[in-house]
There are 2 protein chains.
Amino acid sequence: MTVAPATRSKSELSYTWIRSKIEGGAFVPGYRLVLGAIAKELDVSVVPVREAIRRLEAEGLVTFERNVGAQVAMLNETGYVTTMQTLSILEGAATMLSAPFITDEDIAAARAVNANMADCLENFDPHRFTELNREFHSILFERCPNDNLLDLVHRGWNSLNMLRDSTFSFVPGRAHQSVAEHEGILSLLENGADSLDIELAARAHRTRTLDAFTEYQSTHKRSPVQP
Amino acid sequence: MTVAPATRSKSELSYTWIRSKIEGGAFVPGYRLVLGAIAKELDVSVVPVREAIRRLEAEGLVTFERNVGAQVAMLNETGYVTTMQTLSILEGAATMLSAPFITDEDIAAARAVNANMADCLENFDPHRFTELNREFHSILFERCPNDNLLDLVHRGWNSLNMLRDSTFSFVPGRAHQSVAEHEGILSLLENGADSLDIELAARAHRTRTLDAFTEYQSTHKRSPVQP
DNA sequence: CCTCGTCCGATTGTATATGATTTGTTATAC
DNA sequence: GTATAACAAATCATATACAATCGGACGAGG
């Protein structure tokens, strides 16, 4: 019988460490990732760190230029727009595909999360709001039988993760709308609506966030994405 | 003035070399990629090769297991189904998004390609048929303003590339249908149809290929994907 | 004949060392 | 003051060497 290696490979260690730093917000977009420094920090050589960074590059979390170095990927405005647009498509499809498997319990759970989101609006807790939003959609997605698609959705979320709380903080009023739209999606699912309707509703939910952003952009003439 | 490095990095070289071998069909799915052997072949050390393989792994072209090694990724049946399903969604959206930018010349070019595809059916040239099919859809996609989405489509194609000519050879009759459906999509584009109609037509085009496969599977009780 | 344990060859995993490239700095000329 | 050239420091890129690990061959025991 083959057993898993007792110790995780240092490459793996480096990968998860850097990734968690990025996702946790300790390494902000644009932050320079110096191979030697990270290697020293983790007490490993540069080779595994290099490998980890290459993997993160392939996933789109960092950019890497030869003889210059790596840095945490930044989303510029067009990157934000395209990612949001892609996500609207992926999420719409994922929701549609998982619809047949959604249980009453799932819907109740999602509704509870949505209620908490409403509370966050009262208490002005944008960070938690974002977390709950992810949780809400996760409930709707997790039954999706297409792992491939689900993986793409998660990647998109990770890219956007760099713009923590952007919805909440940069587009006033959008969060309230968002909570209302969630309820709309839930009732469609509850009533066994046509799958195309569900897909388009889920898609429109994100599209409207994007539209709100675009409109806000045009009226305020500055880029909240790239400060 | 800064100039690009005179020589491509050996990591990059290894990456493109392995990749081309896979895409060219020299390295078939399941083929074992031994670091040392490839390094020797390319006259580089194992470090860049290793890095290249990690990148390919992140892209899904190869699988890599610790202390065991890498091999060209294989699509099992569920992998094939999910990839096809995901592609149907991505391609549908990509076609829909590029529709407004498609010119008359594009449509003429696509139609010419489709005519050549029909010829391939006469001459029974499955390899060329597959190539042309890719070219046909590329014409429809290339105007898509969302590079992110386009990239996902290309990745999907690459995954399926491992099942070269599968449509043609494994599901008799499907190819003829496919050519007819292409014309249907073209006429929708030509007549400026509703964008949702275009999207759903493009999506259905691939879905039907998948359905044909599934049906063929169930009647023949064997797996053409994993011989 | 089958099962389990041990050894050996093959292969991957990592550290270290050295070379190559870029970037920043300083000095000098105009 | 500006521009340019030469130098220095930081960092990446790769080769080599060795350690860790795995898979299968082989033989002992049941």
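Sequence lines set the chain letters: A, B, ... in the order given, protein chains first and strands last, and positions in each chain run from 1. Computed from a predicted model, the values in this text were never measured in an experiment. Computation of the quantities below employed the complete heavy-atom set of this structure, encompassing side-chain atoms and omitting hydrogens, waters and symmetry-equivalent molecules.
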Name every donor-acceptor pair, under 3.5 Å, that has one atom in a side chain of residues 52-60 of chain A and the other anywhere in the protein, sequence neighbours excluded.
from: R54(A); atom 1: NE; to: E51(B); atom 2: OE2; distance (Å): 2.5
from: R54(A); atom 1: NH1; to: E57(A); atom 2: OE1; distance (Å): 3.1
from: R54(A); atom 1: NH2; to: E51(B); atom 2: OE2; distance (Å): 3.1
from: R55(A); atom 1: NH1; to: E12(A); atom 2: OE1; distance (Å): 3.2
from: E59(A); atom 1: OE1; to: Y15(A); atom 2: OH; distance (Å): 3.0
from: E59(A); atom 1: OE1; to: R19(A); atom 2: NH1; distance (Å): 2.5
from: E59(A); atom 1: OE2; to: Y15(A); atom 2: OH; distance (Å): 2.6

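- At whole-Å resolution of the value, CD in Q71(B) and P in dT12(C) are 12 Å apart.
- The CD atom of E65(B) sits 7 Å away from the P atom of dG23(D) (whole-angstrom rounding).
- Computed from coordinates, the L13(B) CG to dA15(D) P distance equals 10 Å when rounded to whole Å.
- The nearest whole Å value for the distance from the CD atom in E12(A) to the P atom in dT21(D) is 15 Å.
- Contact check for Q71(B) versus E65(B): no side-chain heavy atoms found under the 4.5 Å cut-off.
- Taking each heavy atom of V153(A) and F141(A) in turn, the nearest pair found is CG1-CE1, 3.7 Å.
- Here dT11(D) presents its P atom at 6 Å from CZ of R32(A), a figure rounded to the nearest Å.
- Ionic pairing of E131(A) and R134(A) is not present here: no N-O contact between side-chain nitrogen and carboxylate oxygen is shorter than 4.0 angstrom.
- At dA15(D), one or more side-chain N or O atoms of K10(B) fall inside 4.0 Å of OP1 or OP2 (strictly under the cut-off).
- Contact check of residues 44-56 of chain B against DNA chain D (heavy atom, cut-off under 4.0 Å) returns V44(B), S45(B), V47(B), P48(B).
- Distance from the side chain of L35(A) is smallest for dC12(D) among the nucleotides dC12(D), dG13(C), dT12(C).
- Within the nucleic acid shown, L33(A) comes within 4.0 Å of sugar-phosphate atoms alone, with no base atom in reach, counting heavy atoms only.
- Residues forming a side-chain contact (heavy atoms from CB on, under 4.5 Å) with E135(B) (at least two apart in sequence, or on another chain): V113(B), L132(B).
- Between R203(B) and E199(A), at least one side-chain N (NZ, or NE/NH1/NH2) sits under 4.0 Å from a carboxylate O, which counts as a salt bridge.
- Here the C1' atom of nucleotide dT11(C) and the CZ atom of R66(B) are 13 Å apart, to the nearest Å.
- Place V68(A) and S11(A) on DNA chain C by their nearest nucleotides, and S11(A) ends up nearer the 5' end.
- Listed nucleotides dT12(C), dT21(C), dT14(D) differ in distance to N67(A); the shortest reach to its side chain belongs to dT21(C).
- Side-chain atoms of W157(B) and H137(B), non-hydrogen and from C-beta on, do get closer than 4.5 Å to each other.
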